[in-house]
Q: 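One structure is given below, represented as structure tokens, and several questions about it will come after.
Below, chains carry the letters A, B, ... as their sequence lines are ordered, and counting in each starts from 1. Both backbone and side-chain heavy atoms feed into the values below; hydrogens, waters and symmetry mates do not. Just so you know, these numbers come straight off a predicted model, no measurement behind them.
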Amino acid sequence: MTTTLRLGTPGMPGGPAVTSTSVTVTVDGHEVEVPVGSTILEAAEKAGRRIPTLCHHPDLPDVGVCRICVVEVTGQRALQASCAYPITTPIEIQTYSRRVRQARQTIVDLMLAEHCGSCQTCGRNGNCELQDLAAEYGSDHFRFGQRTEPTRLFDTFGPSIRRDMNKCVHCLRCIRTCAELQGVGALGVIGRGDSTTMSPYLTLPISDVVCINCGQCINRCPTGALQEVDNTDDVWRAIEDPTKHVVIQTAPAPRAAMGEEFGLPPGTPVTWQLNSALRELGFDKVFDTNFSADLTIIEEGTELLVRLYENLVLGDHGRPVPQFTSCSPGWIKYLEHKYPEFAPNLSSCKSPQQMFGALIKTWYAQKNGLDPADVVSVSLMPCTAKKFEAHRPEMTDSGFPDVDVSLTTRELGRMIRELGIRLPDLPESDFDDPFGTASGSGVIFGATGGVMEAALRTVVELVTGGKVEDLFDHADITPVRGFEETRYAEITLPDTLGPVPPLLAHLVPDWDWLRGVTLKLAVVHGTANAQKVMEDIKAGGRFSECHFIEFMACPGGCLGGGGQPIPTSKEIRSARAKAIYGEDARYGETGRVRKSHENPAVLRVYEEFLTDGPCGHTSHHLLHTTYTPRGAFIATPSMTVPATTNATTNAPTNGGAR
Amino acid sequence: MTLATIEAEQGLRAALALDPAGVVATIRESGMKGRGGAGFPTGLKWQLAAEAVAPDGVRYVVCNADEGEPGTFKDRVLLAELPDLVFEGMTIGGYAIGSHEGICYLRGEYVYLLADLEACLERRRAAGLLGPDVAGSGFAFDITIHLGSGAYVCGEETALIESLEGRRGEPRNRPPFPVVSGFRGAPTVVNNVETFAWAAAILARGADWFAHIGTDRSTGPKLLSVSGDVQRPGVYEFPLGVSIAEVIEAAGGHDAKAAIVGGAAGTCVPARDFGRAISYEDVSTGGAVIVVGPWRDLLEVAENLQWFFANESCGQCTPCRVGNVKLLEGIRALRRGELTVQQLEDMVSLGQTMRIASKCGLGQAAPNVLLSIIENYRSEVLGHIPVGAR
């Protein structure tokens, strides 16, 4: 067995690639064999020894800065950070000694001395890595004092993320997440010594920089320094107001993860119990975002076919190919900042959240004799960027905000706990009509590759007139599934194609131009990977020849979203994906529809409301949108916040600063 | 001063007459250890860099001229008076390890030297001592100067490399060491200004000459920056192994209470130990000897130095970022008479942890002076603690 070893801290220019095999390490007297280049942390794990960590995160390159994981390496004067020490020669390690014990306790006590904020009032109370370390290694009092007055920035300017630097323990996970996992680079380190702090460029508020609101930093913050902007009070107020008709739509990814908020193992779906909980909470109607995911597929699939026809047949290069998906608001803002020139490639479709909201404020309100002003449209999303999306000024085509409040999985988990009910014990109940019916295609939107698979199921059937099962067993389009950084797939259409279905007849005369054509497709998740693909497209590489590319801002897609339960790791995301694909498969087993264009509720919307069809006038007005080329530098004359000293007093009072 | 008497380019000519391995062997035989203070054998460092796998065959020679240690100024004098000797030493180092590119990382505050140093490099290029064909040997080598921006931590070699690469000057984890993976991931030798100057001298005068000066384990002469409560502060040259008393006497220090040897990151030696030797095996120093007069409050000295570290910590690792602030707060409380004995013990425990758990030499050395004061002047320190809190 050979292993390629990168000498050097990951993320930095590595040393020479050394090809070697394995090395024997002695951990607390036990010999273990590990691949050359393994860290001490990995070797200890193999030897069954748990070493405490804080700055280490399985998704991120290690930096070895918190020093809680220090161990003895025989022959070395100083202790070594086990997460950042690559083993290249046989060494002897002691994970525990008097020196190690004293160092760990001192380091935890120093963290507690630096950290300002009380556990009782913190959103991470009970799920905080600093609390855990203090319980295991700290002493019985604040040996080095405790800060009681906030002196650092509490940035509450954005609609999605709030940053309380008083609680920061300088693990640099947020910075590594933003720069290396996501390729965004909205955060950096400023200052030196005691003044060191994590900050956006020029200490601007997070809302005024290239932050895409993906919230991946929140998912990896060990403390309460980074949290979502909490909108639960807005929802409670609406529910408690008898004049308001409050509806909620729930996306598939939170349903696959909400169980984790109640102690269930990752990958335990709680979709139907959640419906009961939402009714207990007092929502008037509980809808399924999968319905509008199906609607999105019809609109986006139609747009794709029309775009291909106009571009490839009519030669209209104003409709550039490949078409990029537009469901992920993190990805949208990323493109607006980093690749604004590619905005015409984005599908003009609103995301399922916004499409749903637009229908609630129009068709649904009309049908039920409600004044849209009295309808409060809430969404449950796995995502912090959805809060930003709901705030976008263009998302008000009906004259009202499509979505009034977007909640993350974590926020709704808190609301349910506050109500005093145990979610897993609730009886199962169904979604409400008229948006209650969804297809399995809508469900898989929650996983990377899901939008692509759902779109293919529909596009292939619309074009061939046949069944997608003829091409893929059980309609499982496995080439686009998985967690690889990027996936590329080709699907060759048959030589015989069907007639253009009546739904699309006003847009395309025939499918002759698609006979035997090979559709080139790609799936990308995580914006760092998106950057690679975009650079490839700019350079005229393989991805520039694609017809359709699915982009999701978050690793793993929506199931790994920034609003999902903490912690996150590859294993947890895989478990959630299994729950999502399992739900899709159950749709098939129980005889429910699995393809968006077969969803009767969606077809009914086109019959009753969107009567000029997909991509027609009404749909364009309500379900499609435009984008804002932003660029990398944002010239907002917005307030600059001082990095230190009572910045909170400068915060606007409506921002929730305290 | 010996270095001023070395004949120009004699060392370079001698080096080019040998093969690179021969140059490394000469430095190894001289027994020279790094003059920056850490005391790693220079010949071994060069050998490791020469033997390291270099992708694309690229290696770098970096001169650490970020002389930021409080109380140290001998590199500044060398750069001002003998820049040719330093650059000659860098060129010899480049030849020895197979590098064609040298970088001199100059302390930001030394910007006033920049024009003269650039002029020196230009003269050397014109004289064929730098460039595609150094002294007609076919060996190509050139040197550029990179200006620092005033961060003390950039004197730490991996932070210096980070800074050279355009990032925040923050120390890296080691391993890998720069000789294996340094600037841009290539094998890199980082040596102090004085080390390069002595390397040129060793090639000029021979390894034996150098090895016979000093002690067995600390060979050669050493430049010392002597300052503080002395009549004649300045740069002095002594063979390693010299006693602290001799150094203080040469500079005209009378009745000294203590000497801070090694600068802020060094150690506080009490007068009763002035017979100890300045050497790698006894009291090690990069060159700073700060003499403390009998009227000084040592805790005032400690507070001054701890304040320096609290401000110069890069802020990366917990023990250094928070620890220095806590030590500083502790010293201030002690001076106000508001510290208990238990809190003093906690400070000592904290200092011990900083020494072994900090990420780099800055944090590891930061508590040294304070800990040595607490150890050597225990009664004076305890005298600051109110009777009821003892």
Q: Do the side chains of B:Ser349 and A:Thr106 get nearer than 4.5 Å, heavy atoms only?
A: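 Yes; the side chains approach each other to less than 4.5 Å.
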Q: What part of A:Gln76 lies closer than 4.5 angstrom to a heavy atom of chain B: side chain, backbone, both or neither?
A: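 Contact with chain B: none, neither part.
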Q: Which bit of B:Asn311 comes within less than 4.5 Å of chain A, counting heavy atoms only: side chain, backbone, both or neither?
A: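 Backbone only.
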Q: What distance separates A:Leu110 CG from B:Cys317 SG, expressed to the nearest 0.5 Å?
A: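 It is 10.0 Å, given to the nearest 0.5 Å.
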Q: Any heavy-atom pair between the side chains of A:Leu54 and B:Thr318 that's under 4.5 Å?
A: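 Not in contact.
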Q: Nearest 0.5 Å please: distance from the CZ atom of A:Arg143 over to the CG atom of B:Leu350.
A: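 Interatomic distance, A:Arg143 CZ to B:Leu350 CG, rounded to 0.5 Å: 8.0 Å.
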Q: Less than 4.5 Å to any heavy atom of chain A: does that hold for the side chain of B:Lys326, its backbone, both, or neither?
A: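 For B:Lys326, the contact with chain A is made by the side chain alone.
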Q: Could you look at B:Ala151 and say if it's the side chain, the backbone, both or neither that has a heavy atom under 4.5 Å from chain A?
A: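 Both parts, heavy atoms under 4.5 Å.
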Q: Select one option (side chain, backbone, both, neither) describing which atoms of A:Arg99 are under 4.5 Å from chain B's heavy atoms.
A: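 Its backbone and side chain both get close to chain B.
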Q: Between B:Gln364 and A:Arg77, do the side chains contain an N or O donor and an N or O acceptor separated by less than 3.5 Å?
A: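 There is such a pair (donor and acceptor under 3.5 Å, judged by atom type) between the side chains of B:Gln364 and A:Arg77.
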Q: Which atoms of B:Ala357 are under 4.5 Å from chain A, going by heavy atoms: the side chain, the backbone, both sets, or neither?
A: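 Its backbone and side chain both get close to chain A.
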Q: Within the 4.5 Å heavy-atom criterion, are A:Ile107 and B:Met354 side-chain neighbours or not?
A: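 No; the side chains remain at least 4.5 Å from each other.
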Q: Are B:Val322 and A:Phe144 close enough, and set up right, to give a side-chain contact (heavy atoms from CB on, under 4.5 Å), and what steps lead you there?
A: CA-CA 10 Å; B:Val322 196; A:Phe144 303 112; over 6 Å; no
